> 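For reference, the structure I am asking about is given below.
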There are 2 protein chains.
Amino acid sequence: MYRTHTCGELRLSNVGTEVTLAGWVQRSRKMGSIVFVDLRDRYGITQLAFNDGINAELCEQASHLGREFVVQATGTVSERESKNKNIATGDIEIIVSKLTVLNASDTPPFTIEENSDGGDDLRMKYRYLDLRRECVRRNLELRHKFAFEVRRYLDEHGFLEVETPVLVNSTPEGARDFVVPSRMNPGQFYALPQSPQTLKQLLMVSGFDRYFQIVKCFRDEDLRADRQPEFTQIDCEMSFVEQEDIIQMFEGMSRHLFKTIKGIDVPEFPRMTWADAMKYYGSDKPDTRFDMRFVELMDVMKGYGFGVFDGAAYIGGICAKGAATYTRKQLDQLTEFVKRPQIGAKGMVYARIEADGSVKSSVDKFYPQEALQKLKTAMNAEAGDLILILSGDDAMRVRKQLCELRLEMGTQLGLRDKNKYSCLWVIDFPMYEWSDEEQRLMAMHHPFTSPKPEDIPLLDTDPAAVRANAYDMVINGVEVGGGSIRIHDAKLQQKIFEILGFTPEQAQAKFGFLMNAFKFGAPPHGGLAYGLDRFVSLFAGLDSIRDCIAFPKNNQGRDVMLGAPGVIDQKQLDELEISVKTQA
Amino acid sequence: MYRTHTCGELRLSNVGTEVTLAGWVQRSRKMGSIVFVDLRDRYGITQLAFNDGINAELCEQASHLGREFVVQATGTVSERESKNKNIATGDIEIIVSKLTVLNASDTPPFTIEENSDGGDDLRMKYRYLDLRRECVRRNLELRHKFAFEVRRYLDEHGFLEVETPVLVNSTPEGARDFVVPSRMNPGQFYALPQSPQTLKQLLMVSGFDRYFQIVKCFRDEDLRADRQPEFTQIDCEMSFVEQEDIIQMFEGMSRHLFKTIKGIDVPEFPRMTWADAMKYYGSDKPDTRFDMRFVELMDVMKGYGFGVFDGAAYIGGICAKGAATYTRKQLDQLTEFVKRPQIGAKGMVYARIEADGSVKSSVDKFYPQEALQKLKTAMNAEAGDLILILSGDDAMRVRKQLCELRLEMGTQLGLRDKNKYSCLWVIDFPMYEWSDEEQRLMAMHHPFTSPKPEDIPLLDTDPAAVRANAYDMVINGVEVGGGSIRIHDAKLQQKIFEILGFTPEQAQAKFGFLMNAFKFGAPPHGGLAYGLDRFVSLFAGLDSIRDCIAFPKNNQGRDVMLGAPGVIDQKQLDELEISVKTQA
């Protein structure tokens, strides 16, 4: 071992001990006849002192240490004259008697500090240096602890972690698969799993009863800011359970995580139907850290000759407490915000509640004060509040616009504190949603989701109205996990495939192995899956999942550090019996 | 929840309680007026009793339950008249008052019993039924526990589990890569990692200090019986360590696993140099559950006019204690065994030690009794022992043949008890081995392995003689893990690449990111990786790793249950801008 202690553990109680440390030079400075070197490792920073008067040669050597040199230093722990209260080892320093440079370092391309001077691209190219920054490393330490506590909880509750294969078959539903040409079976391809959904259902058929897996999944999608082509799921499934059992088990897990990792006691999670979530928040993953619920204003605002509202299919408002102080400029900016193409509103109406209780709106010429007072009442607004109203001819679209506006107001008013957590279950999702692109009903969750028993008759008459035994866990407006009770009856499964537009042959070709399995005694079962990256990001207070992934890809799907993907040898292509159309 | 208890937990103390169980019908039988049904779940088997005299309708219903039906039964726990000592619930039965069939089952294609009547292919096709067999499920339960205890030990020792990417770049050394065409970067490919070797080294450069990961790795090799295209590694790396530190840490982990999982206290692992392992066992992974070491007999057996030995470059023998009773037929079979093409010996000489101490050999006409007595002494043989001798003109080849013979004798004499464990470290591996195929030196471990410091001068003069700081953990003749101290010096790394025949440009193109990283302060580091599948198989006493993998592939690399790999749509190929040469 190159060290007797780490750079994070020495204290006053160690004074007088001879120790050996090893680590990286964070910085060095000369003060009079003494050279101080901050030595860093994963565990902390310890100050090394070299006194010119005691050992001139050693001091000279120390003065030539560059940033990020790897050194080993032996010396005596000594109490510092001027203590540093900001670090755990700040009471002591090492009076060094022996110094060995284990490895020199070129000057790193950016500073290894909390606030680095390196841009995103540079830090990704040298990710191994970026990972030296404490703020980045901390996220990965949190991730380790998070995964460990997940496993501990599930193990204690009788779950078995079972590894399912990565080289599987291509599935037609869902996103695009990554595929892997098979050399031993020319012309054929494996697919990388988008999730182990069907395999975990087979494990339930096998009687595994309680399964989980922390597992890499893959989707070949065009990447948005917060998507990665490979991501990690906490995948879980249970047999002989109903929705309530799953909700209890996994609410318990989340509480265990909040308690052991964040030290927070989270109260029981409220439950909200999907219909209510859409009605009051315009989102199936409402951020409930703040209220500001939608109020429908069709009755209140129609009939005053304001054409925009009179012709609207939906009018909805939110009340921003205490925001009546917003200036005209701020309000114009909000209007611009909702009119951006990504949101797409045509305009925004606002109304301020003045100190005297009177209402001042952007549509005063259409609405008498009396009408505006009704609005105030409907919105439950008080003096000092600001009411913001959107409308349009597609209720769902307006709700989504209003959702964006609400979130923006929450952010502006400081209501979305990253250290505050608001958890809930969203339940009773619809089974299907209409796809304009595909011109058919699509499974909202996935095709194995069970309808609510009382809605099964609707499958024949009004499938779009059927609700599913499906649930999402939402924290701070982030869907951290979701799942459903599955269909365990082969006939019902076949019917669902039919509604989704599969011919029996297609269903058999693609899911035959699952439907066949269901013939041999499938138990009632259900489960859920969490996005680990997202869940950890939430705990770490990060804006992007990238920051809790050791080696993430950019949004061209590239690992710029490894230079992946890359060109492969013709020999490899020949062995695989494939050819590429584009020479990269 | 469909049950109040599992099928494994009810005891005499529960008698009188009303319970609900759910599970699979293992078997049913009618005895007089009573129908007995064995109900099975993951936790055990509980007997259900239906009495015709009490409830004729229910009894009639029960008599129609088929094998593997999924049922829910409510009833009262009752003491059995004839107890079954073979199962934990054997003292009680459930007098059923309510029975619900949750799912019927077709007759399964093979019996779900310890000894199934299903052949390998059939059981793989219906793997979800095969997994219902207790003997199969137990292996996966063991695997779960094993992985959990690995994580517990490493977490307690400050290791962080860091996930490294699955979509990486193709590497030139080692086995063939599986590749993944990139849609977003046409003509380019990701590779699936053969191991996270370079990434874990980068994590050391990042200062992660103690890393591990239980991770899927991939090799596109032609499959032998005990290989899978995807397999799982316990991958570990540490910084600021020497070989001894790694050996201590991971010997500790193995002892922890033996203790917590098998309840066995394993003594300190002996260490054997690679040279000794080859000399005494003809293998770098000797099975040391039994002795039977090789004795070199060049001095003893040469010069008696027996041409085979007189012309041999190596003559070696083993002494099989107590095997003098082997018949001529058994000895002939052993000769056939070593002459099989897979082993390739030309013949075998044997010598029995008779009760009176005289030696009777197959080459008596060349060797006087006096010479044979010298052989007996050299072999340290006693009355009742059998000496077996092989020879040839390539010492290494003969040793490997003798190794096979030794293992066969160990098996025949019952010396390879699966419940007995013999662990050791094999150390001081050579850096390189000559490849006849490639006509160059190849890295024996991998190109990042550090030479022993004292052997570094030999790199220039006699690279084949250089020993590495490399070590394997061997248990019962199985290499469960191996690793090395790595090179952390960019210049030395470059030199090793040169010896391996890479031009500087090739080395830069393929490993540039690692060599660049080494310029920025790489710490001394080393590690090792275990084959989880193999380690678990050993603990489970299995002959094949397949039996501890939930969904293994066959040796054409196919998952016959999923039907993977398979043909993909032309649309997918078009999006990837590749074409296949063979229509599957």
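These figures come from a predicted structure and were not determined experimentally.
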> For the CG atom of A:D177 and the OH atom of A:Y190, what is their distance to the nearest 0.5 Å?
15.0 Å

> Let's test your reading of the structure: which of B:L514, B:D106, B:T107, B:D130 forms the most heavy-atom pairs below 4.5 Å with chain A?
B:D106

> Is it the side chain or the backbone of A:N516 that comes within 4.5 Å of chain B heavy atoms, both, or neither?
both

> Between A:K216 and chain B, with a heavy-atom cut-off of 4.5 Å, which part of the residue counts as in contact: side chain, backbone, both or neither?
side chain

> Is A:T198 close to chain B through its backbone or its side chain, or both, or neither, when contacts mean heavy atoms under 4.5 Å?
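No part of A:T198 comes within 4.5 Å of chain B.
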
> Indicate yes or no: does B:E134 engage B:R40 in a salt bridge with an N to O separation below 4.0 Å.
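No, this pair does not count.
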
> Without swapping roles, check the side chain of B:N169 against the backbone of A:L562 for a donor-acceptor pair under 3.5 Å.
yes

> Take B:E161 and A:F148, measure what side-chain contact (heavy atoms from CB on, under 4.5 Å) needs, and give me the verdict at the end.
CA-CA 9 Å; B:E161 184 161 26; A:F148 192 79; over 6 Å; no

> What part of A:I112 lies closer than 4.5 angstrom to a heavy atom of chain B: side chain, backbone, both or neither?
neither

> In terms of heavy-atom proximity below 4.5 Å to chain B, should A:R176 be classed as side chain, backbone, both, or neither?
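For A:R176, the contact with chain B is made by the side chain alone.
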
> Can you tell me which of B:L131, B:L160, B:I214 forms the most heavy-atom pairs within a distance under 4.5 Å of chain A?
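Top option by heavy-atom pairs under 4.5 Å: B:L160.
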
> Run B:N103 and A:F518 through side-chain contact (heavy atoms from CB on, under 4.5 Å) and show every step you take.
CA-CA 9 Å; B:N103 223 338; A:F518 280 3; 5.8 Å; no

> Check whether B:V162 gets within reach of chain A through its side chain, its backbone, both or neither, counting any heavy atom under 4.5 Å.
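Side chain only.
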
> Report the C-alpha separation of A:F159 and A:M249 in whole Å, then their side-chain angles, then the decisive distance to 0.1 Å, and conclude whether the side-chain contact (heavy atoms from CB on, under 4.5 Å) test is met.
CA-CA 11 Å; A:F159 285 77; A:M249 179 63 72; 3.9 Å; yes

> If you measure from CZ on B:F189 to CD1 on A:I578, what distance do you get to the nearest 0.5 Å?
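Rounded to the nearest 0.5 Å, the CZ-CD1 separation comes to 4.0 Å.
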
> Examine whether an atom of A:F208 lies under 4.5 Å from a heavy atom of chain B, and if so say whether it belongs to the side chain, the backbone or both; otherwise answer neither.
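For A:F208, heavy atoms of backbone and side chain both lie under 4.5 Å from chain B.
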
> Please determine, among B:G557, B:P552, B:A550, B:A522, the option with the most heavy-atom pairs under 4.5 Å with chain A.
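Ranked by contacts with chain A, first place is B:A522.
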
> Please confirm whether the backbone N or O of B:P186 pairs with a side-chain atom of B:E577, one donor and one acceptor, at under 3.5 Å?
no

> Using non-hydrogen atoms only, which part of B:Q213 is less than 4.5 Å away from chain A: side chain, backbone, both, or neither?
neither

> Among A:L102, A:V25, A:V166, A:V180, which residue forms the greatest number of heavy-atom pairs with chain B at distances under 4.5 Å?
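Going by pairs under 4.5 Å, I would pick A:V166.
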
> Kindly say whether A:V536 contributes a backbone atom to a donor-acceptor pair with the side chain of A:R143 at under 3.5 angstrom?
no

> Let's test your reading of the structure: which of A:A22, A:G66, A:P165 forms the most heavy-atom pairs below 4.5 Å with chain B?
A:P165

> Can you tell which part of B:M184 gets under 4.5 Å to a heavy atom of chain A, answering side chain, backbone, both or neither?
side chain

> So for A:S182, is it side chain, backbone, both, or neither that comes closer than 4.5 Å to the heavy atoms of chain B?
side chain

> Can you tell me which portion of B:S239 sits under 4.5 Å from chain A's heavy atoms? Options are side chain, backbone, both or neither.
backbone

> Which one of B:M204, B:R210, B:R67 has the most heavy-atom pairs closer than 4.5 Å to chain A?
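Max contact count across the listed options: B:R210.
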
> Report yes or no: does A:E68 contribute a side-chain atom to a donor-acceptor pair with the main-chain N or O of A:S105 at less than 3.5 Å?
no

> Just so I understand: if I count every heavy-atom pair under 4.5 Å between each of B:R558, B:E244, B:Q572 and chain A, which residue has the most?
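Between B:R558, B:E244, B:Q572, the count favours B:R558.
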
> Which bit of A:A104 is near chain B, if near means a heavy-atom gap under 4.5 Å: side chain, backbone, both or neither?
backbone

> With a 4.5 angstrom heavy-atom cut-off, which part of A:L532 approaches chain B: side chain, backbone, both or neither?
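The side chain, not the backbone.
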
> Is there side-chain contact between A:V70 and B:F240, with heavy atoms separated by less than 4.5 Å?
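The answer is yes; the side chains approach within 4.5 Å.
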
> Taking side chain as everything from C-beta outward and backbone as N, CA, C, O, which of these in A:Q72 sits under 4.5 Å from a heavy atom of chain B? Side chain, backbone, both or neither.
neither

> What part of A:V241 gets within 4.5 angstrom of chain B, counting heavy atoms only: side chain, backbone, both, or neither?
both

> Do B:D574 and A:K581 come within less than 4.5 Å of each other through their side chains, counting heavy atoms only?
yes

> Using modelled atom types only, decide if a donor and an acceptor are shared between the side chain of A:W24 and the backbone of B:G521 within a distance under 3.5 Å.
yes

> With a 4.5 angstrom heavy-atom cut-off, which part of A:F212 approaches chain B: side chain, backbone, both or neither?
side chain

> Examine whether an atom of A:M1 lies under 4.5 Å from a heavy atom of chain B, and if so say whether it belongs to the side chain, the backbone or both; otherwise answer neither.
both

> Can you tell which of B:I549, B:V179, B:T232 has the highest number of heavy-atom pairs within less than 4.5 Å of chain A?
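Highest number of heavy-atom pairs under 4.5 Å: B:V179.
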
> Give a yes or no on whether the backbone of B:G23 and the side-chain of B:D41 come within a donor-acceptor separation of less than 3.5 Å.
no

> Mind ranking A:L140, A:L202, A:V205 by heavy-atom pairs under 4.5 Å with chain B and telling me who comes out on top?
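Top count of heavy-atom pairs under 4.5 Å with chain B: A:V205.
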
> So, A:R183 and B:D222, do they make that salt bridge, N to O below 4.0 Å?
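Looking at A:R183 and B:D222, the cut-off is met.
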
> Under a 4.5 Å heavy-atom cut-off, does chain A meet the side chain of B:I246, its backbone, both or neither?
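Contact with chain A involves no heavy atom of B:I246 at all.
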
> Please look at A:K553 and chain B and tell me whether the side chain, the backbone, both or neither of the residue comes under 4.5 angstrom of a heavy atom of that chain.
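Only the side chain of A:K553 comes within 4.5 Å of chain B.
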
> When you check the gap from the basic side-chain N to the acidic O, do A:K145 and B:D155 get nearer than 4.0 Å?
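Salt bridge absent between A:K145 and B:D155.
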
